[in-house]
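Below you'll find the structure, written out as structure tokens, and then a few comments.
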Amino acid sequence: MTTSQTANTVIVLDFETTGLSPNQGDRAIEIGAVLIEQGEVVDRFQQLMNPGFRVSSFIERYTGITNNMLRTAPPCDEVMDQFADFIGDHNLVAHNASFDQRFLEAELDNIQRNYGGEFACSMLIARRLYPHAPNHKLGSLVEYKNIDNDGVFHRALADSEVTAKLWLLMLEDMDKRYQLSSPSFSLMQEVSRKAKAAVPGFLQRQAKC
DNA sequence: TGCCAGGCCCTCTTTAGGGCCTT
């Protein structure tokens, strides 16, 4: 895939997992993702996957994904192979991206595949843009910004959908606040990397360019 | 119910500690 093919696209993804750390043996149990092209969702991916062991009752309650649902799901390797094809080299976004990035890399490593694109974190950007939000959990930001949703949280596709809406809203707010014409993925990624105090000055310098 | 790990970021910091966020 060429740079020009991915320049105006981004994939927003979310994993549901058996726990917090692939280094501790945790595995993905669901992946959801939406492809945004020119500000519109144009494709979706959602799939449960069987991690090969029973998930805890906490995860069943937290996600609503039960062991019975996972019993008939295809194995992680099969799903992740399909998902690797879906993401290609698109730039990726996730809420608290370091978490999803760890699981993506671990699951792709299991099938000897890798991801060669870039990640940006909607949570870090939201902390810069909305410092007065009650907190920066995904559900809280959805409520704080009045983002349309179906009331489903902690399921992969539902969380991806609202994270995508948050992402697009943050692009609009960057436009309005700093008069940046169509902030690029790389600019948003730069914002997510910069310390909170450095962001206003950085964006104002960008606006003058 | 919320812990686990890991990265980011703030501050009563920098020779460190602890909160936030993800499942």
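In this text the structure is predicted, and so the values were computed from the model without any measurement. The figures here come from the full heavy-atom set of this structure, side chains too, leaving out hydrogens, waters and symmetry mates. Labels below follow one simple rule: chain letters A, B, ... track the order of the sequence lines, proteins then strands, and each chain is numbered from 1.
Look at the P atom in both B:dG2 and B:dG7: the space between them is 25 Å, to the nearest Å. As rounded to the nearest Å, B:dC12 and B:dG6 have C1' atoms that lie 25 Å from one another. Look at the C1' atom in both B:dT23 and B:dT15: the space between them is 35 Å, to the nearest Å. Comparing B:dG18 with B:dC4, their P atoms sit 13 Å apart, to the nearest whole Å.
The hydrophobic cluster analysis finds A:Phe53 isolated: no Ile, Leu, Val, Met, Phe, Trp or Tyr side chain comes under 4.5 Å of it, directly or through other members.
Residues A:Cys76 and A:Ala28 approach most closely at SG-O, 3.3 Å, considering heavy atoms. Between A:Val55 and A:Ile65, the closest heavy-atom pair is CG2-O, 4.3 Å.
Take the nearest nucleotide of DNA chain B for A:Glu16 and for A:Ser56: the residue whose nucleotide is more 5' is A:Ser56. Comparing A:Leu124 and A:Thr18 by the nucleotide of DNA chain B that holds the closest heavy atom to each, the one mapping nearer the 5' end is A:Leu124.
Within the 4.0 angstrom heavy-atom criterion, no nucleotide atom of any strand lies near A:Asp100. Residue contacts for A:Ile29: at a heavy-atom cut-off of 4.0 Å it reaches no nucleic acid atom on any strand shown.
Of the side-chain N and O atoms in A:Asn23, one or more sit less than 4.0 angstrom from OP1 or OP2 of B:dG6.
Within a 6.0 Å sphere centred on CZ of A:Arg177, heavy atoms belonging to other residues, nucleotides or ligands number more than 12.
Taking the side chain of A:Phe58 as heavy atoms from C-beta on, and the options B:dG7, B:dC4, B:dG2, the nearest nucleotide is B:dG2.
Sorted by residue number, the list of members of residues 71-83 of chain A with any non-hydrogen atom under 4.0 Å from DNA chain B is empty. Within residues 143-161 of chain A, the residues approaching DNA chain B are A:His154, A:Asp159, by heavy-atom distance under 4.0 Å. Within residues 105-113 of chain A, no residue is approached by DNA chain B to less than 4.0 Å at the level of any non-hydrogen atom.
Side chains of A:Ser140 and A:Asn135: a donor-acceptor N/O pair is present below 3.5 angstrom, by distance only. Side-chain atoms of A:Thr163 and A:His95 form no donor-acceptor pair, as typed in the model, at a separation below 3.5 Å.
Residues passing the side chain to side chain donor-acceptor pair (under 3.5 Å) test with A:Asp173 are A:Tyr130, A:Lys145, sequence neighbours excluded. The side chain to side chain donor-acceptor pair (under 3.5 Å) search around A:Arg127 returns none, not counting sequence neighbours. Residues passing the side chain to side chain donor-acceptor pair (under 3.5 Å) test with A:Gln82, sequence neighbours excluded: none. In terms of the side-chain contact (heavy atoms from CB on, under 4.5 Å) criterion, residue partners of A:Phe86 (sequence neighbours excluded) are, by chain and number, A:Ile11, A:Ala33, A:Leu35, A:Asp43, A:Phe45, A:Phe83.
Listed by first and then second residue, the ring-ring contact (aromatic ring centres under 6.0 Å, His included) pairs that reach into residues 139-159 of chain A are A:Tyr62-A:His154, sequence neighbours excluded. Residues in residues 107-118 of chain A take part in these salt bridge (Lys or Arg N to Asp or Glu O under 4.0 Å) pairs, two or more places apart or across chains: A:Arg27-A:Glu107, A:Asp81-A:Arg113, A:Asp85-A:Arg113, A:Glu118-A:Arg193.
Distance, A:Ile125 CD1 to B:dC21 P: 15 Å, rounded to whole Å. For the pair A:Tyr62 OH and B:dT23 P, the computed distance is 4 Å after rounding to whole Å. Rounding to whole angstrom units, CG of residue A:Leu166 and P of B:dC21 are separated by 13 Å. Atom CG of A:Asn96 is separated from atom C1' of B:dT22 by 4 Å (rounded to the nearest Å). The distance between atom CD1 of A:Ile31 and atom P of B:dT23, rounded to the nearest whole Å, is 11 Å. In this structure, CG of A:Leu13 is placed 14 Å from P of B:dT22, rounded to the nearest angstrom. In this structure, A:Phe99 places its CZ atom 13 Å from P of B:dG7, rounding to the nearest Å. A:Arg102 has its CZ atom 13 Å from the P atom of B:dT22, to the nearest Å.
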Please list each protein N or O that sits under 3.5 Å from an N or O in nucleotides 17-20 of chain B, with the distance.
{"from": "B:dC20", "atom 1": "O2", "to": "A:Arg127", "atom 2": "NH2", "distance (Å)": "3.4"}

Show me the donor-acceptor pairs within less than 3.5 Å that the side chains of residues 164-171 of chain A make with the rest of the protein, sequence neighbours left out.
{"from": "A:Lys165", "atom 1": "NZ", "to": "A:Asp148", "atom 2": "O", "distance (Å)": "3.1"}

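At least one side-chain heavy atom of A:Leu104 sits less than 4.5 Å from a side-chain heavy atom of A:Ile87. In this structure the side chain of A:Phe103 never reaches within 4.5 angstrom of the side chain of A:Ile31, judged on heavy atoms.
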